[in-house]
**Q** 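Can you read through this structure? Questions will come right after.
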Amino acid sequence: MTFPTISDQAELEMWSVIRDDARSSLSRATTIGFIYLIAALAVGTFLLSAVAELSEDAVYYVGWEEKEVVVTWMRSMMWVYAGIAVIAGVGWLLVQLSLRGSLPVFVATIISKIPGLGRAIQTIALANFCQSIYQSVVNSKTYGDAFRAASDETRFTPLRLWIDRSAARLDSGQSWEHALLRPPIKDHPLAAVIAMGQSQLSREETIRMWHQAASDSHWLLQTRSQRTVRHLFRVGLICSLFTAGLAILSTNTNIVLMLDGLTYSGGWF
């Protein structure tokens, strides 16, 4: 067993902080985007409801023909906004649970397919996995034991399932290449480890390999999470402006019709 130096311990602590910061920043960005969207939907629904109520029994004229202001589409739009709010709420909850590793494999796999956000969640799990294996290798554990320890620490359930299967294959004596078939994460630190691990490496070379993988995955996590957070803020703001603006434009249509009716008739019927 090798005892870590002060610099080694500091590096491990730094990696842990990077993962925690990435997880909290992604959670905060999705929460703020969700709040923006819900606020815009609430404002839009209120406008639609108020104008629909005012438009009841209002009429306007096309030439000499009297027509009633239609409000059914506004009520339908309110239901659409309510549906969007429910879907957004479910999506936000699933993302929060995915960041905490509380989702079954199938649902977590779907969340990991979300552009940007899904890759960031995968990278958090990859960074944690590489650090765990690196620490186990430093402590002279077998790969089977190292993978089982990494499985206990992994929150991303698709990766945890793959780790468990890989540990079982390694214990049964399968080659490195076959034991690590079809990983759920395709990023280059893990791909490099799978490729390099097929060679006969000394203990020092194995430690360097996993240290490099852990270092690269945490660097990748930093850049990817920062980019994803900026993207989430932009998307949340754009979606909020669009939903609120759509409601304003839609209600403005009925308001114009009602004003036309007042202009021609001097009152509502």
**Q** For Gln212, is there any backbone N or O sitting under 3.5 Å from a side-chain donor or acceptor partner on Ser215?
**A** no
**Q** On the 0 to 90° scale, with breaks at 30° and 60°, tag the Trp176-Phe147 ring pair as parallel, tilted or perpendicular.
**A** perpendicular
**Q** Considering non-hydrogen atoms only, spot the tightest contact between Pro158 and Pro184 and give its length.
**A** O-CG, 3.8 Å
**Q** Using 0.5 Å steps for rounding, measure from the NE2 atom of His218 to the CD atom of Glu11.
**A** 9.5 Å
**Q** Testing Asp187, Ile185, Asn128 for side chain to side chain contact (heavy atoms under 4.5 Å, CB included) with Thr123, which one passes?
**A** Asp187
**Q** Please tell me whether Gln135 and Asn139 have a donor and an acceptor in their side chains that are separated by less than 3.5 angstrom.
**A** no
**Q** Side-chain contact test, heavy atoms from C-beta onward, threshold under 4.5 Å: evaluate it for Thr154 versus Trp162 and give yes or no.
**A** no
**Q** Has Ser240 got a side-chain atom pairing as donor or acceptor with Tyr36's backbone, closer than 3.5 angstrom?
**A** yes
**Q** Can you label the angle between the Trp92 ring and the Phe34 ring as parallel, tilted or perpendicular, going by 30° and 60°?
**A** parallel
**Q** Treat each ILVMFWY residue as a node, draw an edge where side-chain heavy atoms are under 4.5 Å apart, and state whether Leu181 and Tyr143 are in one component.
**A** no
**Q** Can you tell me how far CG of Leu232 sits from CZ of Arg28, rounded to the nearest 0.5 angstrom?
**A** 11.5 Å
**Q** May I have the step-by-step check of side-chain contact (heavy atoms from CB on, under 4.5 Å) for Gln131 and Glu153, ending in yes or no?
**A** CA-CA 10 Å; Gln131 177 178 337; Glu153 299 175 12; over 6 Å; no
**Q** What pair of heavy atoms forms the shortest contact from Ser151 to Arg160, and how long is it?
**A** OG-CG, 3.2 Å
**Q** Do Ser112 and Ile121 come within less than 4.5 Å of each other through their side chains, counting heavy atoms only?
**A** no
**Q** How long is the span from the CG atom in Leu26 to the OG1 atom in Thr31, to the nearest 0.5 Å?
**A** 10.5 Å
**Q** Could you give me the CA-CA distance, side-chain angles and deciding distance for Ile110 and Phe106, then say whether side-chain contact (heavy atoms from CB on, under 4.5 Å) is met?
**A** CA-CA 6 Å; Ile110 294 175; Phe106 176 73; 3.4 Å; yes
**Q** Between Gly144 and Ala167, what is the shortest heavy-atom contact and its length?
**A** O-CB, 4.1 Å
**Q** Please report the closest heavy-atom contact between Ala150 and Ile133, naming both atoms and the distance.
**A** CB-CD1, 3.9 Å
**Q** Quick check: closest heavy atoms across Met196 and Leu201, and the distance to 0.1 Å?
**A** O-CD1, 3.8 Å
**Q** Using the rule that two of Ile, Leu, Val, Met, Phe, Trp, Tyr join whenever any of their side-chain heavy atoms come within less than 4.5 Å, decide whether Leu161 and Leu170 are in one cluster.
**A** no
**Q** Roughly how far, to the nearest 0.5 Å, is CZ of Phe242 from CG of Leu37?
**A** 11.5 Å
**Q** Quick one about Thr228 and Arg119 (side-chain donor to acceptor, distance below 3.5 Å, no hydrogens or angles considered), yes or no?
**A** no
**Q** Would you say Thr251's side chain and Ala247's backbone share a donor-acceptor pair under 3.5 angstrom?
**A** yes
**Q** Does the side chain of Val137 come within less than 4.5 Å of Met209's, by heavy atoms?
**A** no
**Q** Any donor-acceptor pair under 3.5 Å linking the side chain of Ser132 with the backbone of Phe129?
**A** no
**Q** Assess whether atom CZ of Arg165 is packed by more than 12 heavy atoms of other residues, nucleotides or ligands within 6.0 Å.
**A** no
**Q** I'd like to know whether the aromatic ring centres of His188 and Trp219 sit less than 6.0 Å apart in this structure.
**A** no
**Q** Nearest 0.5 angstrom please: Phe46 CZ to Met78 CE, how far?
**A** 11.0 Å
**Q** Please determine whether side-chain contact (heavy atoms from CB on, under 4.5 Å) holds for the pair Cys130 and Leu126, giving the CA-CA distance in whole Å, both sets of side-chain angles, and the decisive distance to 0.1 Å.
**A** CA-CA 6 Å; Cys130 290; Leu126 174 63; 3.8 Å; yes
**Q** Got a second to check how far Asp21's CG is from Ser16's OG, nearest 0.5 Å?
**A** 9.5 Å
**Q** Search all heavy atoms of Arg23 against all heavy atoms of Ile124 and return the closest pair with its distance.
**A** NH2-CG2, 3.1 Å
**Q** Quick one: do Val235 and Ile38 end up in the same hydrophobic cluster if we chain Ile, Leu, Val, Met, Phe, Trp and Tyr together by side-chain heavy atoms under 4.5 Å apart?
**A** no
**Q** Is Thr109 reaching over with its side chain to a backbone N or O of Val105, donor-acceptor style, under 3.5 angstrom?
**A** yes
**Q** Determine whether Trp210 and Val138 make a side-chain contact, defined as any pair of heavy atoms from C-beta on separated by less than 4.5 Å.
**A** no
**Q** Tell me if a side-chain donor or acceptor on Ser49 pairs with a main-chain N or O of Thr45 at a distance below 3.5 Å.
**A** no
**Q** Please determine whether residues Ile84 and Trp79 belong to a single hydrophobic cluster, defined as Ile, Leu, Val, Met, Phe, Trp and Tyr linked transitively by side-chain heavy-atom distances below 4.5 Å.
**A** no
**Q** Leu190, Leu220: one ILVMFWY side-chain cluster at the under-4.5 Å cut-off?
**A** no
**Q** Please report the C-alpha distance between Gln96 and Arg100 in whole Å, then the side-chain angles of each, then the deciding distance to 0.1 Å, and finally whether the side-chain contact (heavy atoms from CB on, under 4.5 Å) criterion is met.
**A** CA-CA 6 Å; Gln96 300 303 312; Arg100 289 162 175 77; 3.4 Å; yes
